[in-house]
Amino acid sequence: MSDAPGRDFIRQIIFEDLEAGKHDEIVTRFPPEPNGYLHIGHVMSICLNFGVGEENDGRTFLRYDDTNPGKEKQEYVDAIERDVHWLGFDWGDRLTHASDYFERLYESAEKLIDLGVAYVDDLSAEEIRAYRGTLTEPGKNSPYRDRSVEENMDLFRRMRAGEFEDGTHVLRARIDMASPNMNLRDPTIYRIRHLDHQRTGDTWCIYPMYDYAHGLSDAYEGITHSLCTLEFEDHRPLYDWFLDQLQPEHRPRQIEFSRLNLAYTITSKRKLGLLIENNVVSGWDDPRMPTIAGMRRRGYPALALRDFVKRAGVTKKDKLIEMGALENCVREDLGDIAERRMAVLRPLKVVLTNYPEGQVEMMEAMNHPNNPDMGTREIPFSRELWIEQDDFMEEAPRKFFRLKPGGEVRLRFGYIIKCEDVIKDADGNVIELRCTYDPETRSGAGSSDRKVKGTIHWVSAAHGVPATVRLYDRLFTVPDPNSVDDFMEVLNPDSLETVAATLEPTLADVTGSDPVQFERLGYFCPDSHSHTVDAPVWNRIVTLRDTWARIEKQAMSTA
RNA sequence: UGGGGCGUAGCCAAGUGGUAAGGCAACGGGUUUUGAUCCCGUGAUUCGCAGGUUCGAAUCCUGCCGCCCCAGCCA
């Protein structure tokens, strides 16, 4: 991905428009429908729209496209505002709704009738579909297409007055039933819905369609560039048609770009909703969800998300971006800001047989290896420790430089230890290691400068803080779950693993949700829902790059 | 079979007639008390394919192939 993209095609168009003196100010909008949570795809749109606004000293609206009551909820409205703010963007006083313009939109619809380019159709939904024709065959005109202006006006006003049942009438644009562009075959402008709207209550029983409301709302707000995704490309002639007919003061221009798809995940709000309904995940903000709320709870920094979409770029080519690209951005950001700590996820007991019983030494540990300004902390060291099960192998391959029988390893910020004995249970499982430590090798202060190949992390058994740690993996087993018949068939059964871990004591009273790095394991943060000081729950944000895991995997596949 | 888009390395992406940027991934090597970080190095005789124009083409022309979107009273 381009690190410093010159100017994407949209910014180029805007640049040229500005050069040509077409606008005094650039005005954009981010127009979500409040029918679900925002996801990684929206991050792209948010960054584009607000980014373009900021870069040009322009303005950006946050506008709810709330033209379809029944699908929309206040919960989503609240979540959207929270998410956009969290990403670092501000709409100031430019928070609007398509529903703010219902009266104006209605008046314009009457104007379309006056102009003779809109009519009330009595055909049923099924009939309209049948009359529309197919992709290769032209449609045919509705028998109601040639009603008089007076009759249309009367009917439309009675639609508004609530005289008709849902589905009995629609207002349609009179364009061309034979158009090769399906969107121009007399599209619906208004439909009857006897349904309370979350903002306008029961004021209306007719609601405008997206294609009609969107372009006009853009015009009302003085939007100069209306940026949307590719699937609206062939709606543009219709977008322009309404503007041509009604000649509003401002003339917005719609430009389309490709959606951002992430490998091994889905972004359809409907499908994400199904994951919740089927209890595959715990909610819209489950840390495995590609929603902004989910990624925030997971611990992905807002800056990393912004960096990611910036690197992905703005083009018209379908994208399916590898997870690794996102994870790289997360690691890059966290690597600098996260303090280091030690934690053992899958504990294996180590007893230092030559270490005095009852003795405790405080070891000084750097909070960041590359940034001394972040200070140090003290960690207790004692005779009994936990180390990671993965850091011991009874029959280790040549390149394994962690602990093995008779082998030596450095304990991070501690001593060099040697494995003398392996204790097993009745089933042959390794349950404890008997080791000796070399008192001359104390970290920083040792009188010996001998080195060993490996360094592993540890936590003092007597001082460790028990915690639940949740390890996350991709939700699906295939790169493009959208392309399979049933996405529920390709779920990753191991997307969540919960382990009972032990954390170093400095983590005992953490209350916020700041990310830290558990050395050699990855980045973690307290879970914003479940974590308490008494019962700590941490999320793994992302692992560290793991060259050893790769080597192991290769060895397995060639063996 | 209609219309609208898109095809540059595994994934993104610059490039707009003058001889293929960059990032991620991958692979080598160096530093390292995180097999992390950091540093250095390695990739396209070629831009979906085939012709053509030109001294010269990823860029222009023609034809073909592949992928995506459209038949909601959803957005």
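Just so you know, these numbers use all the heavy atoms, side chains as well, and skip hydrogens, waters and symmetry mates. First the proteins, then the strands, lettered A, B, ... as listed; each starts at 1.
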Ignoring hydrogens and geometry beyond distance, is the side chain of [X] in donor-acceptor contact with the base of [N] at under 3.5 Å?
{"X": "A:D546", "N": "B:G35", "answer": "no"}
{"X": "A:R402", "N": "B:G35", "answer": "yes"}
{"X": "A:E322", "N": "B:G10", "answer": "yes"}
{"X": "A:H235", "N": "B:A75", "answer": "yes"}
{"X": "A:R410", "N": "B:U33", "answer": "yes"}
{"X": "A:R340", "N": "B:U34", "answer": "yes"}
{"X": "A:T455", "N": "B:U34", "answer": "no"}

Atom [atom1] of [X] to atom [atom2] of [N]: distance rounded to whole Å?
{"X": "A:I192", "N": "B:C74", "atom1": "CD1", "atom2": "P", "result": "12 Å"}
{"X": "A:E327", "N": "B:C12", "atom1": "CD", "atom2": "P", "result": "16 Å"}
{"X": "A:N370", "N": "B:C39", "atom1": "CG", "atom2": "P", "result": "11 Å"}
{"X": "A:F257", "N": "B:C12", "atom1": "CZ", "atom2": "C1'", "result": "16 Å"}
{"X": "A:D318", "N": "B:C67", "atom1": "CG", "atom2": "P", "result": "12 Å"}
{"X": "A:N482", "N": "B:C67", "atom1": "CG", "atom2": "C1'", "result": "15 Å"}
{"X": "A:L238", "N": "B:A71", "atom1": "CG", "atom2": "P", "result": "13 Å"}

Item to complete: For A:H169 and for A:L135, locate the closest nucleotide of RNA chain B by heavy-atom distance; then report the residue assigned to the nucleotide nearer the 5' terminus.
Response: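 Final value for this comparison: A:L135.
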Sugar-phosphate, base or nothing in reach of [X], heavy atoms under 4.0 Å:
{"X": "A:F413", "result": "base"}
{"X": "A:G522", "result": "nothing"}
{"X": "A:Q517", "result": "base"}
{"X": "A:P369", "result": "base"}
{"X": "A:F400", "result": "base"}
{"X": "A:Y190", "result": "nothing"}
{"X": "A:K453", "result": "nothing"}

For [X] and [N], is the shortest distance between a side-chain N/O and OP1 or OP2 below 4.0 Å?
{"X": "A:T188", "N": "B:C73", "result": "yes"}
{"X": "A:R236", "N": "B:G3", "result": "no"}
{"X": "A:R7", "N": "B:A13", "result": "no"}
{"X": "A:R550", "N": "B:A26", "result": "yes"}
{"X": "A:K319", "N": "B:C68", "result": "no"}
{"X": "A:T315", "N": "B:A13", "result": "yes"}
{"X": "A:R191", "N": "B:G72", "result": "no"}
{"X": "A:K317", "N": "B:A13", "result": "yes"}
{"X": "A:T67", "N": "B:A75", "result": "yes"}
{"X": "A:R185", "N": "B:G3", "result": "no"}

Discussion item. Heavy atoms from C-beta onward define the side chain here; which of B:C74, B:C24, B:G2 lies closest to that of A:E33?
Written reply: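 From the listed options, B:C74 comes nearest.
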Practice prompt. Taking only the side-chain heavy atoms of A:M182 (C-beta and beyond), determine which of B:G2, B:C6, B:G35 contains the nearest atom.
Written response: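 Per side-chain heavy atoms of A:M182, the pick is B:G2.
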Complement of [N], any strand, by Watson-Crick or G-U distances under 3.5 angstrom:
{"N": "B:G22", "value": "B:C12"}
{"N": "B:G7", "value": "B:C65"}
{"N": "B:U46", "value": "none"}
{"N": "B:C38", "value": "B:G30"}

Practice prompt. Give a yes-or-no answer on whether the side chains of A:H214 and A:R29 include a donor-acceptor pair shorter than 3.5 Å.
Written response: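 Yes - a donor-acceptor pair under 3.5 Å links their side chains.
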Item to complete: Consider only side-chain N and O atoms of A:E221 and A:T96, and report whether a donor and an acceptor are under 3.5 Å apart.
Response: yes
Would you verify whether the NZ or CZ of [X] falls within 45 degrees of the ring axis of [Y] while also being under 6.0 Å from that six-membered ring's centre?
{"X": "A:R341", "Y": "A:F518", "answer": "no"}
{"X": "A:R540", "Y": "A:Y523", "answer": "no"}
{"X": "A:R402", "Y": "A:F392", "answer": "no"}

Item to complete: Determine the interplanar angle of the A:Y106 and A:Y190 rings, folded into 0 to 90°, and report it as parallel if under 30°, tilted if 30 to 60°, perpendicular if over 60°.
Response: perpendicular
Worksheet item: For A:W548 and B:G35, are the ring centres under 5.5 Å apart with planes inclined under 30°?
Response: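 So yes, this residue stacks on that base, both cut-offs being met.
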Discussion item. Suppose we call two aromatic rings close when their centres sit under 6.0 Å apart. Are A:H197 and A:F102 close by that rule?
Written reply: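 Yes: the rings meet the under 6.0 Å criterion.
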Discussion item. Can you confirm if the aromatic rings of A:Y119 and A:Y144 lie within a centre distance of less than 6.0 Å?
Written reply: no
Worksheet entry | Conformer about C1'-N of B:G28 - syn within 90° of 0, anti elsewhere | anti
